[in-house]
Structures are given as C-alpha cells and as structure tokens.
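Comments concern the structure below.
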Amino acid sequence: EKQYIAGEDRNAVAMTFDLLILRPLGIAGLVVGTGIFIISLPFSLLGGNTGEAGQKLVVAPARYTFVRPLGAEDY
C-alpha cells in the first residue's frame, strides 16, 4: 500500500477529474461490489473466504472512493 507523501504533484485538472469522474465511479463500484458480495455470501461462507471477498468487493472500492487523497493517481 502506497503512503501518500505531502507535496507530491497533484494539479487542479487531476483533482477535478478525480472529483467529477473517478469518485462517482468509485461509489458505483462500491454499490455493485456490495451487491455482488451479498449475493455471493452463501458461497463464500461455504468456501471459507468471506473476509477476502469482503476486502476485494467492499473494502477496496470504499477505500479508493473515500480514503484516497483527492487527485492521487494510486493509493
């Protein structure tokens, strides 16, 4: 996991693109991922990988959308 370093180059264009395009896509990914997680829950319980499925389908999109600094390329 990359730690964001203060002072790394983030410009207004990157921040605007992030705010208007990437964050809404992140919210949509979170909603879809949560739905898929709920549907797959019986199977992941049987397979013993509920935690991994939750991390990939719910936590990762949530972190990308709500924790990543605005305009950061990767986090």
Cluster check Val58, Leu45: I/L/V/M/F/W/Y, side chain < 4.5 angstrom =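 Yes, Val58 and Leu45 fall within the same hydrophobic cluster.
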Show me, pair by pair, the donor-acceptor contacts under 3.5 angstrom made by side chains of residues 19-36, not counting sequence neighbours?
from, atom 1, to, atom 2, distance (Å)
Arg23, NE, Asp18, OD1, 3.0
Arg23, NH1, Thr65, O, 2.5
Arg23, NH1, Arg68, O, 3.3
Arg23, NH2, Asp18, OD2, 3.1
Arg23, NH2, Arg68, O, 2.8
Arg23, NH2, Pro69, O, 3.2
Thr34, OG1, Leu30, O, 2.8

ask   = At what distance, to the nearest 0.5 angstrom, does CD1 of Ile39 lie from CZ of Phe37?
value =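 Here the interatomic distance stands at 12.0 Å.
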query = Quick one: CG on Leu70 to OG1 on Thr16, what's the gap to the nearest 0.5 Å?
reply =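 So the gap between those two atoms works out to 8.0 Å.
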